[in-house]
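Just below is one structure, and these are the notes that go with it.
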Amino acid sequence: MHVKGFDIFPGYLDRDAQGKLVEELRLIAKNSPFFRPVMPKTGRPFSVEMTSAGPLGWVSDKTGGYRYQNTHPVTKTPWPVIPKMLLSIWDDLTGYEKPPECCLINLYRGEKTRMGLHRDEDEQDLSAPVVSISLGDTAVFRMGGLRRNDPTSSIKLKSGDIVTFGGEARLAYHGIDRVIANSSTLLSKGGRINITLRRVNY
Ligand code: MD3
Ligand code: FE
């Protein structure tokens with residue numbers, strides 16, 4: 001990977017820690033159910049389902065566009081708190097002075113679920129790193145450069161792997177090409193979950 005600030009920690013979470021994290025996510029989803037965002041303007045649904053924890057959650061709809069807000073778009077209630085376990089991972093890997101404000105949880109279920117090449121730029125504080133945690137089936141992750149047409153390379157992200165994106169990598173294009181079905185037994189219904197911890201405001 002030729003962009004600086006991209007660090008991968010393969011197998012950071014052992015199976016036991018992964019199981020505990022899934023249990024925490026189950027509690028979050030009970031309170032804040034997964035929903036399927038739609039693209040601004042076109043209203044085309046995402047293949048990925050999402051929910052959040054923390055003071056701010058990421059949402060998207062036809063008229064409001066991509067944004068962070070302090071309530072769940074369906075239940076209209078505040079998001080649940082970010083589990084302590086995730087806050088300590090953030091501290092351990094980033095050493096960043098402020099805690100994450102958003103824990104975005106992406107659910108990939110079904111063969112065709114993917115995330116096209118994009119940049120994350122809905123946050124004000126682009127100097128803070130992003131921490132990404134993979135759980136369940138292995139994903140084929142694509143990482144590009146700062147411009148859409150820069151060369152890309154692909155790596156597999158397995159259950160328990162953590163990647164941090166800081167510096168130049170924070171604004172790099174990235175996406176998920178596909179998820180390899182039945183490559184993990186962590187999630188009883190199969191599929192993949194990705195957690196990203198983000199700072200939104202300064
Ligand atoms: C690089 N999620 O939620 S994680 C996303 O696996 C997102 O669900 C993918 O892209 C997933 O926005 C990829 C890797 C990732 C996440 C956030 C980043 C890479 C990033 C933010 C900035 C730069
Ligand atoms: Fe992203």
Side-chain angles (χ1 to χ4, degrees), residues 1-10 12-13 18 21 25 29 34-37 39-40 46-54 56-60 65-68 79 82 86 89-90 93-94 96 100-110 112-148 150 152-180 183-184 186-187 191-200:
M1 227 68 55
H2 42 272
V3 250
K4 293 194 197 97
F6 169 93
D7 283 296
I8 178 154
F9 303 86
Y12 180 96
L13 298 174
Q18 292 170 39
L21 192 45
L25 298 179
F34 283 99
F35 60 94
R36 198 183 295 281
M39 308 267 276
F46 279 59
S47 57
V48 179
E49 293 168 79
M50 298 179 179
T51 192
S52 293
L56 292 168
W58 188 87
V59 302
S60 173
Y66 298 151
R67 64 199 188 275
Y68 286 91
W79 308 96
I82 301 176
L86 291 174
I89 293 172
W90 171 269
L93 293 182
T94 72
Y96 197 71
E101 294 169 293
C102 173
C103 167
L104 175 64
I105 306 159
N106 294 334
L107 174 63
Y108 294 75
R109 203 147 261 166
K112 296 207 168 81
T113 308
R114 55 186 297 282
M115 191 178 284
L117 208 65
H118 68 280
R119 297 202 301 183
D120 288 33
E121 48 191 358
D122 304 319
E123 302 78 20
Q124 251 189 70
D125 187 356
L126 293 170
S127 65
V130 171
V131 173
S132 156
I133 305 169
S134 292
L135 294 170
D137 287 340
T138 301
V140 181
F141 173 68
R142 183 169 297 279
M143 179 85 176
L146 297 181
R147 291 170 307 177
R148 181 170 282 284
D150 285 346
T152 64
S153 47
S154 113
I155 59 164
K156 285 181 180 170
L157 294 179
K158 294 195 177 72
S159 195
D161 292 352
I162 302 189
V163 190
T164 61
F165 302 86
E168 195 176 296
R170 176 66 184 77
L171 279 171
Y173 278 88
H174 60 276
I176 296 290
D177 289 346
R178 63 193 176 88
V179 171
I180 304 170
S183 48
S184 160
L186 184 70
L187 305 174
R192 168 176 189 262
I193 290 174
N194 179 75
I195 301 169
T196 48
L197 300 171
R198 302 137 181 270
R199 194 72 208 164
V200 178

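Counting convention: from 1, in listed order, for ligands and their atoms alike. Computed from a predicted model, the values in this text were never measured in an experiment.
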Take every heavy atom of [X], measure it against each atom of ligand 1, and state whether any distance is under 4.0 Å.
{"X": "Val163", "value": "no"}
{"X": "His118", "value": "yes"}
{"X": "Trp58", "value": "no"}
{"X": "Met143", "value": "no"}
{"X": "Tyr108", "value": "yes"}
{"X": "Ala139", "value": "no"}
{"X": "Met50", "value": "no"}

Which residue holds the protein heavy atom closest to [atom], what is that atom called, and what is the gap in Å?
{"atom": "atom 23 (C) of ligand 1", "result": "Ala169 O, 3.3 Å"}
{"atom": "atom 6 (O) of ligand 1", "result": "Arg192 NH1, 2.9 Å"}
{"atom": "atom 2 (N) of ligand 1", "result": "Asn106 ND2, 3.5 Å"}
{"atom": "atom 22 (C) of ligand 1", "result": "Arg170 O, 3.2 Å"}
{"atom": "atom 15 (C) of ligand 1", "result": "Phe165 CE1, 3.5 Å"}
{"atom": "atom 16 (C) of ligand 1", "result": "Thr196 CG2, 3.6 Å"}

How does [X] reach ligand 1, if at all, at less than 4.0 Å between non-hydrogen atoms: by side chain, backbone, both, or neither?
{"X": "Arg142", "answer": "neither"}
{"X": "Ser134", "answer": "neither"}
{"X": "Met115", "answer": "side chain"}

N/O/S atom name from Asp120 that is nearest to the position of the Fe ion (ligand 2): OD1
Side-chain contact test, heavy atoms from C-beta onward, threshold under 4.5 Å: evaluate it for [X] versus [Y] and give yes or no.
{"X": "Thr113", "Y": "Val179", "result": "no"}
{"X": "Leu93", "Y": "Asp7", "result": "no"}
{"X": "Tyr12", "Y": "Ser134", "result": "no"}
{"X": "Ile162", "Y": "Ile133", "result": "yes"}
{"X": "Arg114", "Y": "Arg178", "result": "no"}

Taking only heavy atoms of [X] into account, list the atoms of ligand 1 that are under 4.0 Å away from them.
{"X": "Leu104", "value": "3 (O)"}
{"X": "Arg198", "value": "3 (O), 5 (C), 12 (O)"}
{"X": "Asn194", "value": "2 (N), 4 (S), 6 (O), 8 (O), 11 (C)"}
{"X": "Ser132", "value": "4 (S), 14 (C)"}

side-chain contact (heavy atoms from CB on, under 4.5 Å) partner of Cys103, chosen from Ile82, Val131, Leu56, Thr51: Ile82
side-chain contact (heavy atoms from CB on, under 4.5 Å) partner of Leu135, the single match among Ile105, Asn194, Leu25: Leu25
From [X] atom [atom1] to [Y] atom [atom2], the distance as rounded to the nearest 0.5 Å:
{"X": "Gln124", "Y": "Tyr68", "atom1": "CD", "atom2": "OH", "value": "11.5 Å"}
{"X": "Asn106", "Y": "Glu49", "atom1": "CG", "atom2": "CD", "value": "10.5 Å"}
{"X": "Phe35", "Y": "Leu107", "atom1": "CZ", "atom2": "CG", "value": "12.0 Å"}

Opening angle at the Fe ion (ligand 2) [NE2, His118; NE2, His174; to 10 degrees]: 100°
Electrostatic pair Asp161:Lys158 at N-O distance under 4.0 angstrom: no
Heteroatom distance test (Asp120, ligand 1): nitrogen or oxygen, under 3.5 angstrom: yes
Parallel, tilted or perpendicular: rings of Tyr66 and Trp58 (30°, 60°): tilted
Phe141 and His174 aromatic ring geometry - parallel, tilted or perpendicular at 30°/60° bounds: tilted
Residue among Asp120, Asp122, Asp125 satisfying side-chain hydrogen bond (donor to acceptor under 3.5 Å, both in side chains) with Arg198: Asp120
